[in-house]
Amino acid sequence: MEASKVQYKKVTFTAKAKQSSGREMEYIFYINGEEKARKRTRKISYSYEQETSFNESVTGYVEVRYEQDKISHSNEQTVYDYTITTAEEIKKFRDKVNEGTNYKEKTIELQENIDLLGATNNQWTPIGNASRSFEGTFEGNNHTVENLYIDTRGKQHQALFGVNNGTIQNLEVIGYVQGNEGGIALACGTNNGIIKNIKTNGSVGGWNGVGGCIGDNRGTVEFCINQAKVYPLGTTGYYGRSIGGIAGYAKGKIENCINTGEISGNHGTGGIIGEGITAEINYCTNQGNVIGLSSETKYNSIYIGGIAGALAYDTKCSITNCKNSGEVKSSYGGSVCGGISGYISGNNSGHAIIENCFNLGNLSGSTIAGIVAKEGYSSSAIGIRELRNNYYLDTCGATYGRPGNNNNAEPKTREEIDALIKEFSSN
């Protein structure tokens, strides 16, 4: 798919299959979770167009199914390596992964909605961990896993999937997760692979590295939506760091994702990600309020942002084509609140870019700015920070778009911003 076009007026989704060797394939196109088109063909590439606008949040994906002979040439059907239809079957699958079966190059298909019936006396053990991860493809088929329940202390990677090194896609997860170590979320604790078209709802709480969809992302995340409330379990000391709507900690790529849940935390709290190191955030939208809580943090400042709480770089990081409409606020005296990012910094060889971003959300805090509120940690940690074509609402509460000036971070009226969005949409 061409992710770079998702928020333009005409969206084109293109699927390119692996070489089919003459087999017939079925392309299935989904927009916002709804099937829009099917095409059976032997062509290895097929496209579908959808009309939309910049203001309309669109998520989509393409499923390609290969047809294989099972009994005879007249009995062709889609073949999956394993199927799951009940809670007992997903538990057996979980146990196999945790015993060492990684399912590499295998596909697991969820064929029914699953109710885990989670409770304090029926807690979920995640699929995969730091030493034994999932490496196959988990195809959710837009089904729901509900009543996930985890309330644990002293354990990392707490979510439906603990550690993913494969692909998890087309799934909704609803539940309650709490943990006091890193990698706490609803869908995946730590992602080193691919996660796409995942929807999460419920609540997630933890100390550090806490996200609605993913706790710690080091891979690729696409077309995900978080509606869950995400919050810290502690608001003093070093607790409540790296908390975000899609991912708490990010060192990878996140594209075409939406957060609508309320996100609260301390140092590094954002609508899409909490903290990012060499992260790429593209075409993402935050609609949820982002709240800085602590008045007793060990940090001199806490960084809060509509898209990212804090963005740092060893090499390169970026936030492009993103929009925030949620309120960004904190009553803490050391709060640094930005409409897009609270803070960006890195080493002298690093390069940070914030481009084509809009902030429509109200801002309140000790230090505020329409786009980014603080740049650089010290004279020895400056690097290159480049802002291009960013705009913020002139009534959001900020005087400047970045520290002390409005260079490529300009205030605009709502009418002017709407016109700019329309102009961007027509390109």
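Sequence positions, counted from 1, serve as the residue numbers for this chain.
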I need the minimum non-hydrogen distance between G365 and S335, along with the two atoms involved. CA-OG, 3.5 Å
Applying the side chain to side chain contact (heavy atoms under 4.5 Å, CB included) criterion to E109, which one of T85, T137, D81, T83 satisfies it? T83
Checking side-chain contact (heavy atoms from CB on, under 4.5 Å) for the pair E139/I108: CA distance, chi angles, key distance, verdict? CA-CA 6 Å; E139 172 55 64; I108 314 301; over 6 Å; no
Report the distance from atom SG of C188 to atom CZ of F134, rounding to the nearest 0.5 Å. 10.5 Å
As a quick check of understanding, evaluate salt bridge (charged side-chain N to carboxylate O under 4.0 Å, His left out) for E99 and R132, giving each step before the final call. CA-CA 7 Å; E99 289 167 2; R132 295 173 176 176; over 6 Å; no
Let me confirm one number: the CG-CD1 distance from L110 to I168, rounded to the nearest 0.5 Å. 12.0 Å
Less than 4.5 Å apart, side chain to side chain, heavy atoms only: is that true for T86 and I84? no
Basic-acidic side-chain contact under 4.0 Å: D418, K422: no
Can you list the steps and then say if V145 with I114 is a side-chain contact (heavy atoms from CB on, under 4.5 Å)? CA-CA 5 Å; V145 175; I114 301 293; 4.2 Å; yes
Mark yes or no for whether N289, through its side chain, and E327, through its backbone, hold a donor-acceptor pair below 3.5 Å. yes
Between E222 and K196, does at least one N-O distance fall below 4.0 Å, as a salt bridge requires? no
Could you check whether any side-chain heavy atom of T269 comes within less than 4.5 Å of a side-chain heavy atom of I263, counting everything from C-beta outward? yes
Which heavy atom in I184 sits nearest to a heavy atom in G205, and how many Å separate them? CG2-O, 3.7 Å
Point-to-point distance, once rounded to the nearest 0.5 Å, from OH of Y149 to OH of Y176: 5.0 Å
State, with a plain yes or no, whether a side-chain heavy atom of I90 is found less than 4.5 Å away from one of L116. yes
Partners meeting side chain to side chain donor-acceptor pair (under 3.5 Å) with T395 (sequence neighbours left out): none
Check whether R218 reaches the backbone of N192 with its side chain - one donor and one acceptor, N or O, closer than 3.5 Å. no
Ignoring hydrogens and angles, state whether a donor on the side chain of Y231 or Q178 is under 3.5 Å from an acceptor on the partner side chain. yes
Please indicate whether K91 has more than 12 foreign heavy atoms, meaning atoms of other residues, nucleotides or ligands, lying under 6.0 Å from its NZ. yes
How long is the straight-line distance from SG of C317 back to NZ of K251, given to the nearest 0.5 Å? 12.0 Å
Between CD1 of I354 and CG of L311, what distance do you get to the nearest 0.5 Å? 6.5 Å
Ring pair (Phe, Tyr, Trp, His ring centres under 6.0 Å) partners for Y103, two or more places apart: Y82, F93
Side-chain heavy atoms of V221 within contact of C257, under 4.5 Å: yes
Looking only at heavy atoms, the pair that brings I195 and C224 closest together is CG2-SG, 3.9 Å
Do N197 and Q169 have side-chain atoms, one donor and one acceptor, less than 3.5 Å apart? no
Tell me, which pairs form a salt bridge (Lys or Arg N to Asp or Glu O under 4.0 Å) where one or both residues lie in residues 152-170, sequence neighbours left out? D151-R153
Write down the atom of V173, the atom of L186, and the distance for their closest heavy-atom approach. CG1-O, 3.6 Å
Among N259, T260, N286, which one satisfies side chain to side chain donor-acceptor pair (under 3.5 Å) with N226? N259
Quick check: do T320 and N356 have side-chain heavy atoms less than 4.5 Å from each other? no
Passing candidate, side chain to side chain contact (heavy atoms under 4.5 Å, CB included) with V177, options I150, T200, V230, V210: I150
Does any non-hydrogen side-chain atom of E172 lie less than 4.5 Å from one of I174? yes
pair N113-E146: side-chain heavy atoms closer than 4.5 Å: no
N191 vs D216 side-chain heavy atoms within contact, under 4.5 Å: no
Would you say NZ of K253 has more than 12 non-hydrogen atoms from neighbouring residues, nucleotides or ligands within 6.0 angstrom? no
Which pair of non-hydrogen atoms, one from I319 and one from C357, has the smallest distance, and what is that distance? O-SG, 3.6 Å
Does N142 form a side-chain contact (heavy atoms from CB on, under 4.5 Å) with L171? I'd like the steps, not just the answer. CA-CA 5 Å; N142 296 310; L171 179 69; over 6 Å; no
Would you kindly say whether N324 and N359 are connected by a side-chain donor-acceptor distance under 3.5 Å? yes
Of all heavy-atom pairs linking S364 and C337, the shortest is O-SG, 3.7 Å
Derivation of the side-chain hydrogen bond (donor to acceptor under 3.5 Å, both in side chains) call for E355 and N390: CA-CA 6 Å; E355 182 176 16; N390 301 289; over 6 Å; no
